[in-house]
Number of protein chains: 2
Amino acid sequence: MKKEKELYRDFLRSKNLKLTKPRLVIMEAVFENHEHFNVDDLYEQIKKKHKNVSRATIYRTVPLLVESGLIKQSLRCESKDIYEHTYGHENHLHFICENCGKIIESGFSDVANLIDQLAKDEKFKISEYNLGARGKCKDCQ
Amino acid sequence: MKKEKELYRDFLRSKNLKLTKPRLVIMEAVFENHEHFNVDDLYEQIKKKHKNVSRATIYRTVPLLVESGLIKQSLRCESKDIYEHTYGHENHLHFICENCGKIIESGFSDVANLIDQLAKDEKFKISEYNLGARGKCKDCQ
DNA sequence: GATGCAGTTGAGATTCATTCTCAATAAACT
DNA sequence: AGTTTATTGAGAATGAATCTCAACTGCATC
Ligand SMILES: [Mn+2]
Ligand SMILES: [Mn+2]
Ligand SMILES: [Zn+2]
Ligand SMILES: [Zn+2]
């Protein structure tokens, strides 16, 4: 079984939640592509494969995927919360173009090291970084 | 005249916008306290001083304040956009406690320098940094 | 300090992402 | 298979943010 499915199943079990068909379909869709996505993107992607799941269920499942550590919420874009699967991927930061909506990924570890130091100074325990910037991509300036 | 009012007036003039009473009331309210705020906070604050301004006008004015450089949008909190006046203040990043909601401010420039370099590599023009982390403050661990 | 014009306001309607409700259904365990 | 308990889908509800438009106001000009 794929590592992420195992992790998901164990996570659900640990919370007395059931590994249902919709929950599996959603999780698989999330790992099917490597783009950042919002709930509606996911809904359409799943619909295209004729494995329909309601929006309500996607809205309910995404927070579970976040809690399980498989995906992370990213900077919001066009008034919608966006996510990306992060399990098995390097941390990185996001540059979001305010004009065309494009998301550019960039390095992370140097920035994270610096912030870790600042957090340490404040005795703050980081659980999730929120790092990026808005602006104009090179095509939109 | 206060420096920020001057800057505001010049900004408005440069865009052929009028310095109206509501716009002035809102700007003054923003500089009256040093907390992070959302539109509703501002609305209530202004109402308390009996200088009522409609929510619609606040929603219309806040983006102008952002564009003028007097305030910045910060990390959103409880599904609402939050802001802080930044004119005359050092840039800083935010550590948000997931438990008690406290916002801790910390240094910035080293982190910004690093990110500036990464953005330069991508030919990305930053208009707004979005830097911080969620986690637990020292009192909540 | 009256006039004209373009930008502005407030109130309420509207949009739209997200959350909620609840009756019907499915997973998990014995 | 039967029992229990969580889950689902459809649509209603919520609420932050935006839009509409008739009445109003800042401001430049005379
Ligand atoms: Mn990413
Ligand atoms: Mn701050
Ligand atoms: Zn762009
Ligand atoms: Zn705390």
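Residue numbering restarts at 1 for every chain, and letters A, B, ... go by the order of the sequence lines.
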*Asks:* Let me know the distance between CG of A:Asp40 and P of C:dT15, rounded to the nearest Å.
*Replies:* 17 Å
*Asks:* Take atom CZ of A:Arg60 and atom P of C:dC20, then tell me their distance rounded to the nearest Å.
*Replies:* 10 Å
*Asks:* Just by distance, no angles: are the side chains of A:Gln117 and A:Asn113 close enough, under 3.5 Å, to form a donor-acceptor pair?
*Replies:* no
*Asks:* Would you mind telling me which of D:dA10, D:dT7, C:dG10 lies closest to the side-chain atoms of A:Leu17?
*Replies:* D:dT7
*Asks:* D:dA17, OP1 or OP2 - any side-chain N/O from B:Tyr59 closer than 4.0 Å?
*Replies:* yes
*Asks:* Tell me the interatomic distance from B:Tyr43, atom OH, to D:dA16, atom P, rounded to whole angstroms.
*Replies:* 14 Å
*Asks:* Is the A:Phe95 ring parallel, tilted or perpendicular to the B:Phe124 ring (thresholds 30°, 60°)?
*Replies:* parallel
*Asks:* Looking for any heavy atom pair under 4.0 Å, which part of the strands does B:Asp81 touch: base, sugar-phosphate only, or nothing?
*Replies:* sugar-phosphate
*Asks:* So among A:Gln73, A:Lys72, A:His92, which one has a side-chain hydrogen bond (donor to acceptor under 3.5 Å, both in side chains) with A:Glu84?
*Replies:* A:His92
*Asks:* Have a look at A:Lys18 and say if it touches a base, only the backbone sugar-phosphate, or nothing, with a 4.0 Å heavy-atom cut-off.
*Replies:* base
*Asks:* In whole angstroms, how far is the C1' atom of C:dG10 from the CD1 atom of B:Ile26?
*Replies:* 12 Å
*Asks:* Closer to the 5' end of DNA chain D via nearest nucleotide, is it B:Pro22 or A:Thr20?
*Replies:* A:Thr20
*Asks:* Grab the CG-P distance between A:Asn16 and C:dA26 for me, whole Å please.
*Replies:* 21 Å
*Asks:* Please state how far atom CG in B:Leu12 lies from atom P in D:dC27, giving the value in whole angstrom units.
*Replies:* 9 Å
*Asks:* Determine, for B:Lys80 against B:Asp41, whether the closest basic-nitrogen to carboxylate-oxygen distance falls under 4.0 angstrom.
*Replies:* no
*Asks:* In whole angstrom, give the distance that lies between atom NZ of A:Lys47 and atom P of D:dG9.
*Replies:* 13 Å
*Asks:* Closer than 4.0 Å, any side-chain N/O of A:Thr57 to the OP1 or OP2 of D:dG9?
*Replies:* yes
*Asks:* Is any side-chain nitrogen or oxygen of B:Arg76 closer than 4.0 Å to OP1 or OP2 of C:dA17?
*Replies:* no
*Asks:* Tell me what B:Val53 touches on the nucleic acid: a base, only sugar-phosphate, or nothing, going by heavy atoms under 4.0 Å.
*Replies:* sugar-phosphate
*Asks:* Output the rounded distance in Å from CG (A:Leu19) to P (C:dA28).
*Replies:* 6 Å
*Asks:* Aromatic rings B:His85 and B:Phe31: how do their planes relate, parallel, tilted or perpendicular, breaks at 30° and 60°?
*Replies:* parallel
*Asks:* B:Arg23 side chain N/O closer than 4.0 Å to the phosphate oxygens (OP1, OP2) of C:dT8?
*Replies:* yes
*Asks:* Need one value for B:Asn38: base, sugar-phosphate or nothing, where a base atom within 4.0 Å counts as base even if backbone is also close, heavy atoms only.
*Replies:* nothing
